[in-house]
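Right, one structure below, let's go through it.
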Amino acid sequence: MRNNELSRELHLTPLINVAGTMTYLGASIVVPEAIAAMQKILPEFVKMEELQRYANGVIAEITGAEAGFITSSSAAAISMVIAGCITKDNLLAIEQLPDIHTPQNEVLVQAGHLVNYGASVDQAVKLTGAKCVAIGQATQCSPYHLENSITERTVAAMYVVSHHVVDHGQLPLSLFCKICHARDIPVIVDAASEYDLQRFLRDGADVVIYSGHKFLGGPTSGIIAGRKSLIRNAWLQNRGIGRGMKVGKESIYGVVAALQAWKKRDHQAVRQRETQALQIWRDGLQEKTGIKVSLVADPTGNPLERCKIDIDPQKAKISAWDLSHLLSAGHPAIIVRDHEAEKGYIYLDPCNLHHEQEYTVLERILDELNLAQQSTEAIITPFEQHILQRQQAALRWPD
């Protein structure tokens with residue numbers, strides 16, 4: 001098991017992440033190039049604007065954007081871009097946010113995109129003094145919903161690409177952009193967890209926001225890329241609400257190194273390693289009682305698959321959410337992707353495995369399934385009780 005010494009020193013729970021690039025788990029394994037870059041710049045002083053200018057060139061080259069810069073996170077990026085749309089380059093307005101009165105303060109978002117990614121999408125907008133206007137219904141947004149929601153108060157429109165959003169009945173990005181651009185409304189895409197660094201701009205987005213610390217394997221950060229005028233106005237928010245979202249020199253340079261490494265990465269070799277882990281899990285679990293195993297594609301089009309484990313709680317004698325809980329409570333903790341556990345399944349994501357951890361994951365799952373089979377009673381906590389327990393855990397302060 002990796003990092004046992006560090007876990008003991010810091011009193012941390014050793015864990016294996018098969019949930020994916022999740023912020024609450026530290027997002028991803030930082031690539032060696034980014035670690036080296038951070039170590040190199042940490043002892044040095046720099047003019048931060050000059051460092052961001054250097055980052056701008058790298059972002060533009062790799063994403064195809066006119067301009068870009070690094071911020072502290074994707075959530076911060078949403079706030080800074082929306083703030084820039086409101087204030088433009090008015091320095092007094094930048095200082096006054098969010099206490100500013102302007103007729104243009106509404107941001108359009110499809111109702112099915114108003115999700116929670118650890119916090120709610122609309123809160124990142126409201127921090128600027130703007131407000132979200134939900135268009136359509138959660139499961140249906142038609143062109144006329146968007147067309148008739150644009151008014152003189154509309155300052156921007158936001159499009160969210162995530163496994164959290166409703167995956168049907170939504171406007172495709174290209175049509176969303178076409179309708180907004182006909183009325184001179186800029187479109188901002190939250191693509192924090194997305195692999196493709198160019199397709200959203202190709203589809204018409206004016207600004208795209210990426211995470212620097214998820215698939216890229218950089219330090220905690222957000223990347224803002226897009227039209228130069230909008231990027232400049234977002235950058236100016238560092239004189240206002242962006243001050244509390246500032247990013248360090250090490251994160252800027254670390255993300256730049258991660259972007260450059262991304263360009264050189266053998267993505268096919270990465271996929272092969274992930275596929276090997278998926279096959280090990282599928283072969284090891286497919287004969288278990290009450291278990292159905294399949295490999296499923298990423299819902300937003302990222303070039304990867306996950307292992308889906310459907311659990312019949314009566315036959316397996318354990319529910320999906322109880323299996324997830326027991327795995328996370330073990331040593332090492334195995335953290336699975338369980339955001340849809342109430343539907344009777346969990347996922348295993350192979351993208352953040354260290355060498356041979358896939359075998360430990362399989363062994364732990366088999367142990368829990370075997371123990372459940374031997375139990376006199378099925379391990380099925382009522383789901384409402386499971387939800388309440390999670391809520392209570394969220395209120396707990398580390399002590």
Side-chain angles (χ1 to χ4, degrees), residues 23-24 26-28 30 34-35 37-60 63 65 67-100 117-121 123-130 156 158 188 190-193 207-214 216-259:
T23 297
Y24 74 96
S28 65
V30 177
I35 295 171
M38 289 187 285
Q39 289 177 328
K40 186 176 181 179
I41 203 170
L42 276 168
E44 305 298 332
F45 292 104
V46 297
K47 290 184 177 180
M48 296 295 281
E49 289 191 9
E50 291 180 350
L51 186 59
Q52 286 279 21
R53 189 177 301 120
Y54 174 68
N56 167 72
V58 175
I59 293 168
T63 66
F69 70 93
I70 311 297
T71 188
S72 59
S73 68
S74 298
I78 293 173
S79 298
M80 293 180 75
V81 175
I82 296 297
C85 291
I86 294 170
T87 67
K88 309 293 192 292
D89 59 358
N90 185 326
L91 297 180
L92 179 59
I94 289 168
E95 289 182 357
Q96 292 175 334
L97 284 183
D99 186 19
I100 182 174
Y117 52 75
S120 59
V121 167
Q123 187 173 43
V125 173
K126 289 188 289 188
L127 284 172
T128 70
M158 190 161 69
I188 300 146
D190 174 7
S193 296
V207 176
V208 183
I209 294 165
Y210 295 101
S211 169
H213 58 271
K214 293 195 174 183
L216 281 172
T220 299
S221 56
I223 300 170
I224 303 176
R227 181 150 45 101
K228 187 174 182 179
S229 60
L230 295 173
I231 298 301
R232 175 174 176 266
N233 292 337
W235 163 254
L236 289 173
Q237 304 309 310
N238 283 298
R239 302 174 65 94
I241 64 168
R243 180 67 177 177
M245 307 168 184
K246 61 186 177 184
V247 63
K249 60 190 177 186
E250 68 282 0
S251 289
I252 297 171
Y253 196 38
V255 173
V256 167
L259 281 165

**OP:** For residues Ala60 and Ala65, report the shortest heavy-atom separation together with the two atoms involved.
**Re:** CB-O, 3.3 Å

Original post:
Quick one: does Ser221's side chain have a donor or acceptor within less than 3.5 Å of a partner on Ser73's backbone?
Top reply: no

**OP:** Check Ile224 against Ala77 and note the closest heavy-atom contact, atom names and distance.
**Re:** CG1-CB, 3.5 Å

Original post:
What distance separates Ile59 CD1 from Gln52 CD, expressed to the nearest 0.5 Å?
Top reply: 7.0 Å

**OP:** Taking the side chain as every heavy atom from C-beta outward, state whether Thr220 and Ser72 have any atom pair closer than 4.5 Å.
**Re:** no

Subject >> Nearest non-hydrogen partners of Ala257 and Ala34, listed with the distance >> reply: CB-CA, 3.9 Å

Original post:
Heavy atoms, side chains only, cut-off 4.5 Å: are Ile78 and Ile188 in contact?
Top reply: no

Subject >> Approximate separation, where rounding is to 0.5 Å, of Ile94 CD1 and Ile100 CD1 >> reply: 9.0 Å

Original post:
How close do Ile252 and Ala55 get, heavy atom to heavy atom, and via which atoms?
Top reply: CG2-CB, 4.0 Å

Subject >> All pairs passing ring pair (Phe, Tyr, Trp, His ring centres under 6.0 Å) where residues 39-60 contributes a residue, at least two apart >> reply: none

What donor-acceptor contacts under 3.5 angstrom involve side-chain atoms of residues 123-130, with partners at least two apart or in another chain?
unit_1	atom_1	unit_2	atom_2	d
Thr128	OG1	Val125	O	2.6
Thr128	OG1	Ala130	N	3.2

Check residues 234-247 and write down every donor-acceptor pair under 3.5 Å in which the side-chain atom is one partner and the other belongs to a residue at least two apart or another chain.
unit_1	atom_1	unit_2	atom_2	d
Gln237	NE2	Thr87	OG1	2.9
Gln237	NE2	Asn233	O	3.0
Asn238	ND2	Trp235	O	2.8

Original post:
Which atom pair, heavy atoms only, marks the closest approach of Tyr117 to Ala75?
Top reply: OH-CB, 3.6 Å

**OP:** Quick one: pull up CD1 in Ile223 and CD1 in Ile70 and give me the separation to the nearest 0.5 Å.
**Re:** 4.5 Å

Subject >> Close side-chain approach of Val81 to Leu230, heavy-atom, < 4.5 Å >> reply: no

Subject >> Working for side-chain contact (heavy atoms from CB on, under 4.5 Å), residues Phe69 and Met80 >> reply: CA-CA 11 Å; Phe69 70 93; Met80 293 180 75; 4.0 Å; yes

Original post:
Any donor and acceptor pair, going by atom type alone, linking the side chain of Lys88 with main-chain N or O of Ala93 inside 3.5 Å?
Top reply: no

Subject >> Separation of Glu250 CD from Ile35 CD1 (nearest 0.5 Å) >> reply: 13.5 Å

Original post:
Atom CG of Leu51 and atom CG of Asn56: how far apart are they, to the nearest 0.5 Å?
Top reply: 11.5 Å

**OP:** Look at atom NZ of Lys228 and say whether more than 12 heavy atoms of other residues, nucleotides or ligands are closer to it than 6.0 Å.
**Re:** no

**OP:** Looking only at non-hydrogen atoms, find the nearest pair between Ala191 and Val208 and report the distance.
**Re:** CB-CG1, 4.0 Å

